[in-house]
Amino acid sequence: MPQAYDPHAIEPKWQEQWEKDSLFKIPPASTRPAKYVLEMFPYPSGDIHMGHVRNYTIGDVYARYLHMNGYDVLHPIGWDAFGLPAENAAIKHNTQPAKWTFKNIETQKASFKRMGLSYDWDRTVITCKEDYYRWGQWFFLKMYEKGLAYRKSNPVNWCPSCKTVLANEQVEQGTCWRCHSVVERKELDQWYLKITDYAQELLDDLDQLDGWPERVKQMQANWIGRSEGAHVDFTLCDEQGEPTDTKITVFTTRADTLFGCSFFLLAPEHELVKSLIAGTPYEEACNEVIRIAEKTTAVERTMSDYEKHGAFTGRYVVNPVNGMKVPVWIADYVLTDYGTGAVMAVPSGDQRDFEFAKKYGLDIPPVIVEENDPLYEQLKDEKERVVSMVDWDQANAEPGIMVQSGEFTGMKGGKGSEGAAAVISWLEEHGCGEGTVNFRLRDWLVSRQRYWGNPIPMVYCDDCGIVPVNEEDLPITLPMDIDIAAGETLKDSKEFYECTCPKCGKPAHRETDTMDTFTCSSWYYMRYTDPHNDAAPFDSAKVNHYMPVDQYIGGIEHAILHLLYSRFWTKVARDLGMVDFDEPFTNLLCQGMVKDEHGETMSKSKGNVVSPEDVIANYGVDAARAYILFMAPPDKDLQWDDKGCAAMERFLKRVWNQVWTLAEEGGTSTDDSKDAKAFNRKLHQTIRKVTEDIARFNFNTALAAIMELSNATADYLKKPAEQRDQKLCAQVADTLVRLLSPYAPHWADELWTAALGNEGSVYQQQWPTYDEAQAAEDEVERAVMIGGKVRAKITTPADADEQAIIDAALEAVADRIAGKTVRKTIVAPTVVNVVAN
RNA sequence: GCCCGAGUGGCGGAAUGGCAGACGCGUCGGUCUCAAAAACCGAUGUCUUCGUGGCGUGUGAGUUCGAAUCUCACCUCGGGCACCA
């Protein structure tokens, strides 16, 4: 007796069964090849939303598909559980971050189980648990040993609302990535990880990542920001204007314009500034600029109409290439943390310098001119500076010919030009500069002035200074009895704060900053390969067996942050001899956002949030899973539409009924009619298309193909039952169940057992195979085109030779080409093009 | 300012050099029903003098026998970086 499709009855039933059977546990010893499918783990903030449903469904369908294709699939889940929202929630609800976090994990876990995701739950990693974070501390110690973790005082980004510092990657347009408060600058002593040591490799290895979206690689390359140029040493003069032994080095990408330098700039924060101006008549004006710089936020600075401020320091430096003395100014548009914090100003070639020179009445000598410029004729043979002011209304950064440039006059100038290379060679020969590469990437600031994070395993001793904790004393346990609602911090926990020096044994105190949560997410994917190891972060053999991740899936918002940090961490682990791969994620898919039916971002404040719970309650999770993949390609934004989800439930019900009908006993074994052949052909074509489409993440067109097979089934079932090919019907029923099982696994297992009378789960079955010969059409229809327009259609046997096809085509359009000469005929797979005149 | 992506029916989207609009939603018509819903069947780019017709993938040019697809210029929208020397 056929059953009715009732998702609410079968879904929980199968979820229990799978758990009972430990269906998704990877067998310890297996001859099957391994694949690692991973979705970015969630932060446990309340329950899941539709974006999660999409993210985890993509991974789940792919993981199930791979398993049926003969792989052992590592498909784990965990929680990125440290972080600020837990603290904010704890303060708001007067509870503890841990309690709030674990409660949310339970809620999300229940939702994931309700989604029927094929996770190996025994491998769950929760970053706020001691058995995980101790190894984060261990990594920190290793990096400290290798000089990759260091402490330094530096101007840092401070979020006044989150009350902590932020890494550069966590500042978006001058605001905090989490709360979007305007970020302030502060000088603080903080811990850094030396990601800049890997800048070149992080850039170079992007080329290996063929399986990554181009735009993500582009964003990382931009962020790393490699610039080729030169360091040039200028000689500082004393107050009387006489050269001293002190050199100030600048970085420039335009060594070819060195002869056009008419002043010299220091960032207001530059370490030399105070000593240069102390007690001089220039001190007051300079301090005013420093004050302006201090109180100007990054947001204000980036306004295009932001006016530059500067002041003369009273000092001069000597330009090494022409011996000219140029005045030293401080200017608030010079960045302290890019290059050397000092800049040679070439106002004729740089728009910022040009504006500054105009404002303060400084020289603007031309050094690069184009050949059609009137100045070219005047200056083309001029080696000395005879013109020190131009009448341009803006700087010219375009390539041109070098003039007033000593022995280099007449050479080609511009970024990366031969002139620039020649000047750099000269500098190197004369020991006053060298070619160099500068990166925009800065070291990763990992200190956070927050409680709910991984403690930094460092101790401060009055006698020994900064001392690392001994490896065998790990973990430094985060105390749970901090009353953060009452404003307590780690300093208030005596048990935590007070300790003895690992070196001398005298009383000392612990570092009270914790690590950036991005340190926790930088290596969790390696821990999944060996999650219960209590002697090491992971076993090398295990991590090398599963890693790198074959398919990583997550949001584009991590294009720089998490993905860059993880690549860095992997390279560090490699250099520690722990792993033998260079990159953690071979293929990356960044899924698009789930928007509401009008294309608006879902948000609580807009009141347009679609809840996964409601969707599942209405249509069942199988329909929701299939629908969210059917709507749009996975990397594109999609607009959620309840009607569409209802349609997907209807489709599952329709195929459900078809499978029961197809599986009925009776029928014949001798249907070799044309429609049976066509039905069989459609079956093989569908297997081929679905197999290829899922492999390249075209989940939507794979589903469309299954729908076509279902439509073909409906056609065939119009035949009286006794005339249907029994074997073919059974084969189609079996195939429909297998092909749809990654999308609708509960639906599939119920049909597999109840309608088709099998045992176990479709998950354990083989993916269906197709026969190329049976998928092939025996007749081919072609459009006959004249001048690009369809004028007739012909059908020929698939094995017809070219001449036969041409003959048929010419006959079909005989009246149109009558009296004309056919110059050419082109036979393509689906058209015949006739060229006539 | 620099870099990247996208633009196709009423809607979501197919098609990456070969018959534009697969598949689905919606709409219209039909079967069943006292009726409705559900289910099933059919139609559905647009104009049309109904032709074996014209037009049609943001705009304009180009390459080609043939362009949504390739090239150039432009328009619009979205994203990333940004006083980076």
Side-chain angles (χ1 to χ4, degrees), chain A residues 172-174 213-223 225-227 229 250-254 257 265 298 301-304 306-308 331-335 337-346 349-353 355-356 397 415 438-442 556-557 559-560 597-599 627 630-633 635-648 650-651 653-654 657 689 698 700-708 710-711 714-715 718 781-793 812-813 815-816 823-836:
Chain A
E172 297 173 348
Q173 264 131 42
E214 211 47 51
R215 61 182 170 146
V216 174
K217 290 192 274 185
Q218 194 83 47
M219 281 162 72
Q220 291 215 354
N222 286 345
W223 188 262
R226 183 181 195 273
S227 292
V250 300
F251 172 74
T252 179
T253 57
R254 293 294 303 275
T257 65
L265 297 169
R301 274 184 172 222
T302 55
M303 305 279 208
S304 53
Y306 181 74
E307 198 183 327
K308 301 172 188 355
D332 61 357
Y333 71 94
V334 178
L335 304 172
D337 54 355
Y338 181 77
T340 60
V343 167
M344 66 165 202
V346 183
D350 182 285
Q351 187 59 23
R352 296 155 297 174
D353 297 344
E355 285 163 18
F356 192 84
K415 219 167 209 177
N438 197 59
F439 292 95
R440 213 186 64 111
L441 182 71
R442 319 270 199 281
I556 187 74
E557 67 272 18
I560 293 168
E597 69 266 33
H598 308 293
Y627 177 64
F630 178 66
M631 278 301 282
D635 55 340
K636 278 198 178 175
D637 289 354
L638 71 74
Q639 293 179 30
W640 181 263
D641 174 13
D642 256 28
K643 275 192 200 127
C645 194
M648 186 55 75
R650 200 154 64 224
F651 169 70
K653 190 171 158 189
R654 173 183 147 106
N657 291 332
K689 175 137 181 76
N698 293 345
N700 53 336
T701 51
L703 267 166
I706 300 172
M707 287 173 177
E708 285 189 53
S710 168
N711 291 342
D715 281 345
K718 285 174 190 164
E781 191 191 60
R782 284 187 175 82
V784 184
M785 301 174 87
I786 303 176
K789 294 201 188 304
V790 180
R791 294 305 184 192
K793 288 182 181 184
V813 293
D815 48 345
R816 285 186 181 271
R823 283 171 32 219
K824 200 155 85 172
T825 48
I826 295 139
V827 177
T830 61
V831 299
V832 181
N833 208 328
V834 178
V835 186

Checklist line | Residue mapping more 5' on RNA chain B - nearest nucleotide basis, A:K824 or A:R215 | finding: A:R215
Notebook entry, point to check: Under 4.0 Å: is that the gap between some side-chain N or O of A:Y338 and OP1 or OP2 of B:A85?
Noted result: yes
Next item on the list: Would you mind building the protein contact string for nucleotides 19-31 of chain B? One character per nucleotide, 5' to 3', B for base within reach (heavy atoms under 4.0 Å), S for sugar-phosphate only, - for untouched.
Entry: B--BBSSS-----
Next item on the list: With C1' as the reference atom in both, quote the distance from B:A20 to B:C55 in angstrom, rounded to an integer.
Entry: 13 Å
Check: Which whole number of Å gives the distance between the C1' atom of B:C40 and that of B:A6?
Finding: 40 Å
Next item on the list: Just call it for A:R791: base, sugar-phosphate, or nothing, with non-hydrogen atoms closer than 4.0 Å on any strand.
Entry: sugar-phosphate
Check: Once Watson-Crick and G-U wobble pairs under 3.5 Å are found, how is RNA chain B written in dot-bracket notation, 5' to 3', with | for any base paired to another strand?
Finding: (((((((..(((.....[....)))((((((.......))))))(((.....)))..(((((..]....))))))))))))....
Notebook entry, point to check: So does A:N222 reach the base of B:C81 with its side chain, donor to acceptor, closer than 3.5 Å?
Noted result: no
Check: Between B:A82 and A:R440, is there an OP1 or OP2 to side-chain N/O distance shorter than 4.0 Å?
Finding: yes
Notebook entry, point to check: How is A:K415 classified with respect to the nucleic acid when contacts are heavy atoms under 4.0 Å: base, sugar-phosphate, or nothing?
Noted result: sugar-phosphate
Check: Can a donor-acceptor pair under 3.5 Å be found between the side-chain atoms of A:R254 and the base atoms of B:A85?
Finding: no
Check: What is the nucleic acid contact for A:N438, judged by heavy atoms within less than 4.0 Å: base, sugar-phosphate only, or nothing?
Finding: nothing
Checklist line | 5' precedence on RNA chain B between A:K636 and A:K789 (nearest-nucleotide basis) | finding: A:K636
Next item on the list: Could you tell me whether A:R442 contacts a base, only the sugar-phosphate backbone, or nothing, with contacts defined as non-hydrogen atoms closer than 4.0 Å?
Entry: base
Next item on the list: Select one nucleotide: of B:G66, B:C41, B:C4, the one nearest the side-chain heavy atoms of A:Q218.
Entry: B:C4
